[in-house]
Amino acid sequence: MKTVRIKLIAVSLGMFLIYSFSSMSQAQTAGVWNIPAKFKTTKNPVAVSKESVADGKDLYGKHCKSCHGAKGLGDGAKAATLDVSCSDFSTKKFQALTDGEIFFQISEGKGKMPAFKKNVPEDNGRWAIVNYLRTLAVK
Ligand code: HEC
């Protein structure tokens, strides 16, 4: 009787561990982002203009190009050292994200992608980068 109970406890503990590890790794699965719903409709306060795109391009060169590559294809020098894809900003799939969703991704980061909310300001920073990323779409 005692051994049955111990076995039962061991099995349920094992299942609990497997469950928690699989949900943990799911939260970190490359390419899958948990973006809070409100960002879908968050408006970009910075108008698309020559100036904001140029500001975004500058910042991109400083903070993003090393991984994401000159044209955002995910082929920067550092990309080869990572075990996950840096995505591809030229694709329809990426460009279908809203400005707010991309802003969230840049601000918070995930896994190997750093968060930029501390190092890059909002308006003439992360939102301007969003405007620049739109110019990388393949038409
Ligand atoms: C150290 C390398 C590195 C740097 C630097 C970096 N990123 Fe990333 N980025 C990644 C990786 C890796 C991913 C994919 C993360 C994942 O899915 O787990 C990613 C994902 C993204 C995504 C989501 C793409 C998608 O398809 O949903 C955006 C947007 C992004 N990065 C923008 C930027 C911007 C803008 C900068 C600069 C301010 C930047 N990243 C700097 C590595 C980097």
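In each ligand, atom 1 is the first atom listed, and ligand 1 is the first ligand listed.
- A donor-acceptor pair is defined here as one N or O able to donate and one able to accept, closer than 3.5 Å; such a pair exists between the side chain of Lys110 and the backbone of Val32.
- Distances below 4.0 Å separate heavy atoms of Ser85 from the following atoms of ligand 1: 12 (C), 13 (C), 14 (C).
- In plain terms, the two heavy atoms of Ser52 and Asn131 that are nearest each other are OG-ND2, 3.1 Å.
- The shortest heavy-atom contact between Gln95 and Leu136 is NE2-C, 4.3 Å.
- For atom 22 (C) of ligand 1, the nearest non-hydrogen atom from the set Trp33, Tyr60, Phe103 belongs to Trp33.
- With ligand atoms numbered from 1 in the order given, ligand 1 contributes 23 (C), 25 (C), 27 (O), 29 (C) to contacts under 4.0 Å with heavy atoms of Gln105.
- Near Val84, meaning under 4.0 Å from any of its heavy atoms, are these atoms of ligand 1: 12 (C).
- Applying the side-chain contact (heavy atoms from CB on, under 4.5 Å) criterion to Cys86, with sequence neighbours excluded, gives Cys67, His68, Ala79, Leu82.
- Using a 4.0 Å cutoff on heavy atoms, Leu97 counts as a contact of ligand 1.
- The shell of residues lying under 4.0 angstrom from ligand 1, judged by heavy atoms, includes Ile106.
- The two residues Gly109 and Trp33 come nearest to each other via the heavy atoms O-CZ3, 3.5 Å.
- Only the side chain of Ser87 comes within 4.0 Å of ligand 1, judged by heavy-atom distances.
- Short contacts between ligand 1 and Ile129, defined as distances under 4.0 Å to a heavy atom of the residue, involve ligand atoms 35 (C), 38 (C).
- Under a 4.0 Å criterion applied to the non-hydrogen atoms of Pro114, ligand 1 contributes the atoms 3 (C), 4 (C), 6 (C), 7 (N), 43 (C).
- Around atom 8 (Fe) of ligand 1, the closest heavy atom drawn from Lys93, His68, Arg126 belongs to His68.
- Distances from atom 3 (C) of ligand 1 to the heavy atoms of Cys67, Ser66, Ala30, Gly109 put Cys67 nearest.
- Below 4.0 Å from some heavy atom of His63 lie the following atoms of ligand 1, by number and element: 5 (C), 37 (C), 38 (C), 41 (C).
- Note on Met113: counted as a metal contact of atom 8 (Fe) of ligand 1, an N/O/S atom lying under 2.8 Å.
- Residue contact check: Gly31 has heavy atoms under 4.0 Å from atoms 16 (C), 17 (O), 18 (O) of ligand 1.
- Between Asp55 and Ala128 the shortest heavy-atom distance is CB-CB, 4.2 Å.
- Using cut-offs of 30° and 60° on the angle between ring planes, the pair Phe116 and His63 is perpendicular.
- Using a 4.5 Å heavy-atom threshold, the side chains of Thr42 and Trp127 count as touching.
- Qualifying side chain to side chain donor-acceptor pair (under 3.5 Å) partners for Glu108, counting only residues two or more places apart in sequence or in other chains: Lys117.
- Some N or O of Lys110 is nearer than 3.5 Å to an N or O of ligand 1, by distance alone.
- When the options Arg126, Arg134, Lys40, Lys43 are evaluated for a salt bridge (Lys or Arg N to Asp or Glu O under 4.0 Å) with Asp99, the one that passes is Arg134.
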